[in-house]
2 protein chains.
Amino acid sequence: MTTGDIVNRLRICAADGSKAEKRLAEIILADISYASKAPIADLALRAGVSEPTVTRFCRALGCEGVRDFKFQLAQVLAIGGLYLFPEPLVRDERDARVLDAVSDGATAAMQRVRDVIDMSVVNAVAEMAVNAKHICAYGSGGVSSMGAVEMQNRLFRLGLPIVGHTDGQMQRMSAAVCDKHSLIFAISASGQANSVIESVGIARQYGARTVAITSPDSDLAKEADVALPFIIAPDTQLFKPTSGRYALLFIIDLIAMTTAELIGPSVLEGLRRIRISLSGLNMSDPGRPVGD
Amino acid sequence: MTTGDIVNRLRICAADGSKAEKRLAEIILADISYASKAPIADLALRAGVSEPTVTRFCRALGCEGVRDFKFQLAQVLAIGGLYLFPEPLVRDERDARVLDAVSDGATAAMQRVRDVIDMSVVNAVAEMAVNAKHICAYGSGGVSSMGAVEMQNRLFRLGLPIVGHTDGQMQRMSAAVCDKHSLIFAISASGQANSVIESVGIARQYGARTVAITSPDSDLAKEADVALPFIIAPDTQLFKPTSGRYALLFIIDLIAMTTAELIGPSVLEGLRRIRISLSGLNMSDPGRPVGD
DNA sequence: TCAAAAATGAAAGAAACTTACGTTCATTTG
DNA sequence: CAAATGAACGTAAGTTTCTTTCATTTTTGA
């Protein structure tokens, strides 16, 4: 019983375990946040079992003891969020198919990025971002323009001087005022978007560093200094929105997180200020992600 | 002393605290992973202080006690950045951490949606979308405005008359011209965004159907006819972009795909035309997702 | 059906944390 | 300058929480 994360193991236990184990697993899954903090006496009482059973249960799940078990629950909560982990609902076939299509597509798209992305390039890009005096993100079309906006959204929080442009003319115009301290993020799923390619050419002419997030070996990839390959698989399912967006978001998050860590704790000050500035909008719930 | 996350507070303490506090904070920061599991007797010994001092120290940092303190350390570690580690992480290890943090977060967020989403609501929403004469998507702020734009992007391809508004005034204005054939998608991660809540109120007054994609039981959820719960976990890791965006994208895709299937094969005609119209932009690669 | 094995609980024990209280040391006040 | 004050800290004695031991019950398999 050491398969997957602790929640998965709990699920398996809730299904296959002995009577006492089932009850315990159910109680815990029903409220992980509670279970991660409650003393085992409470848990034992709720599940109607004895305390030693709880200890044994934790060991059976591959933990060193109750404390280690709680430690792992805390970590799961940190990643998965502080909400409950209810049993997945039973679906009818059609609903399940839609859910699977979207979810499998998204997961696969991100997995592909994981497999192929060159983190040394990401690190290099983060370094460029930190050192740039002026950053632009270009993207046109449904997927790529979202990318440009997101890139702006993620980096501006870190205090970086970034502007996203989804309009072709604005892209060209802003490229024309670049210099060697500028950094361009050029995003295009196809690698064929004319305005983006041209803008990269213009910006380079004036000495800007250019990073393309695009299809490998595309025109755009060739035009830029650095390319992060981003493959959008042709959609087999015509009704399903393309899962490439998840891959793009993933790459953007990698860049944002790497950049944030490069900058170090001082970015927290910027995030704090943003949060304070939102308090005037009645959205100051602390602990909530910054900016709705 | 309740500013920022626990690590930040430890840092402050290491700088400003009393003699014993400084020593403790240093010991802990030097190896958070150890500190999160060691009994306080060990910590006390290492820092050359007494056990009660450790307890008091934890309280001073805003924790309920030592156990709560360790709980928080565990959470920080789960997604911790490189700056948490005593020795700078080797590049590979650090890269793996960043990849894991982003990818696990995204996967968990989507899994959550899978587990709890009520597909009968999604189906009902799709039906509303198909029958509406006029659809608006509202969202403000980094996460939710992306949602509004994406909603527009996904549904307009299906030939539906949708407009996304991320500007508060435009939201109110467009809400004011709704009638009973209108459908509103109101997106807000917090459920507190004033312009969105008010616009829903206005639109309902004129007979529009309203769908909220928002935090359950929030003000916005109460204001709308139908609510799709969308929980964003509080950010425990300030450096990591919130993974809630993946959950939101996921919900939007579910709605888009369900709607597309409801409309049936005729949507393909719309997609075909969009593709043709792009050919003038040199982006007509067939088999590629429509619209970059 | 019976014996062996597994599962469970009660109670005692060990570990970890907290409280109560007293000492020290720096600071303030008369 | 000395006494008073109070913050910081440690000692020792709780208290809580978890674990072990061992006896009992339940299940399994021949």
Side-chain angles (χ1 to χ4, degrees), chain A residues 1-2 6 9-10 12-28 31-77, chain B residues 1-2 6 9-29 31-77:
Chain A
M1 176 83 74
T2 322
I6 193 79
R9 280 178 262 161
L10 279 166
I12 293 171
C13 210
D16 305 338
S18 71
K19 214 177 349 177
E21 286 177 342
K22 274 186 191 175
R23 278 203 301 261
L24 263 174
E26 273 165 26
I27 289 290
I28 293 164
D31 194 345
I32 292 193
S33 173
Y34 162 79
S36 69
K37 295 203 155 192
I40 58 172
D42 281 25
L43 287 176
L45 187 67
R46 277 207 194 189
V49 301
S50 68
E51 294 181 33
T53 301
V54 180
T55 296
R56 284 191 284 256
F57 176 79
C58 296
R59 297 249 166 83
L61 287 169
C63 302
E64 276 177 33
V66 173
R67 295 206 158 96
D68 184 41
F69 175 69
K70 289 186 181 176
F71 178 89
Q72 300 210 30
L73 288 185
Q75 297 211 326
V76 165
L77 283 171
Chain B
M1 174 86 70
T2 322
I6 193 77
R9 281 178 262 161
L10 279 166
R11 287 241 166 73
I12 294 171
C13 213
D16 306 337
S18 70
K19 212 177 352 175
E21 285 177 341
K22 273 186 192 174
R23 277 203 301 260
L24 264 173
E26 272 164 27
I27 288 291
I28 293 165
L29 282 173
D31 195 346
I32 293 190
S33 164
Y34 162 79
S36 70
K37 295 205 156 191
I40 59 173
D42 281 25
L43 286 176
L45 186 67
R46 278 206 193 189
V49 301
S50 68
E51 295 181 30
T53 300
V54 180
T55 296
R56 284 191 285 258
F57 176 78
C58 296
R59 296 249 166 82
L61 287 171
C63 302
E64 276 178 34
V66 173
R67 295 203 161 97
D68 184 39
F69 175 69
K70 289 188 181 175
F71 177 88
Q72 301 210 31
L73 288 186
Q75 295 212 324
V76 166
L77 277 173

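Lettering of chains follows the sequences in order, A, B, ..., and the numbering in each one begins at 1.
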Completion exercise
Taken in chain and number order and not counting sequence neighbours, the residues that satisfy side chain to side chain contact (heavy atoms under 4.5 Å, CB included) with A14(B) are A25(B), L29(B)
Practice task
State, yes or no, whether a side-chain contact exists between C13(B) and L24(B) at a heavy-atom distance under 4.5 Å.
Solution key: no
Handout entry: Pairing residues for K37(B) by the salt bridge (charged side-chain N to carboxylate O under 4.0 Å, His left out) criterion, not counting sequence neighbours
Key = D68(A)
Practice task
For each nucleotide in nucleotides 9-20 of chain C, reading 5' to 3', give B when a protein heavy atom comes within less than 4.0 Å of its base, S when such contact involves only the sugar-phosphate, and - otherwise.
Solution key: BBB----SBBB-
Exercise for the section: Would you please name every residue forming a side-chain hydrogen bond (donor to acceptor under 3.5 Å, both in side chains) with R46(B), sequence neighbours left out? Expected result: Y34(B)
Practice task
Determine: side-chain N/O of S18(A) to OP1/OP2 of dT8(C), distance under 4.0 Å, yes or no.
Solution key: yes
Handout entry: Sub-4.5 Å side-chain heavy-atom contact between F69(B) and I28(B)
Key = yes
Practice task
Send over the distance from K19(B) NZ to dC25(C) P, rounded to a whole Å.
Solution key: 9 Å
Problem - Axial bend angle, the helix from dT1(C)-dA30(D) to dG30(C)-dC1(D): five-pair end segments, nearest 10° - result: 20°
Exercise for the section: With sequence neighbours excluded, tell me which residues meet side chain to side chain contact (heavy atoms under 4.5 Å, CB included) with R67(B). Expected result: R67(A)
Fill in the blank from the handout: Rounded to whole Å, CD of E21(A) lies from C1' of dT27(D) at a distance of 14 Å
Problem - Pairs meeting criterion side chain to side chain donor-acceptor pair (under 3.5 Å) with involvement of residues 48-65 of chain A, two or more places apart - result: S50(A)-T53(A)
Handout entry: Rounded distance in Å - CG (D68(B)) to C1' (dT17(D))
Key = 16 Å
Exercise for the section: Could you check if a side-chain atom of L73(B) sits within less than 4.5 angstrom of a side-chain atom of L10(B), using non-hydrogen atoms only? Expected result: yes
Fill in the blank from the handout: L45(B) atom CG is separated from dT11(D) atom C1', nearest whole Å, by 16 Å
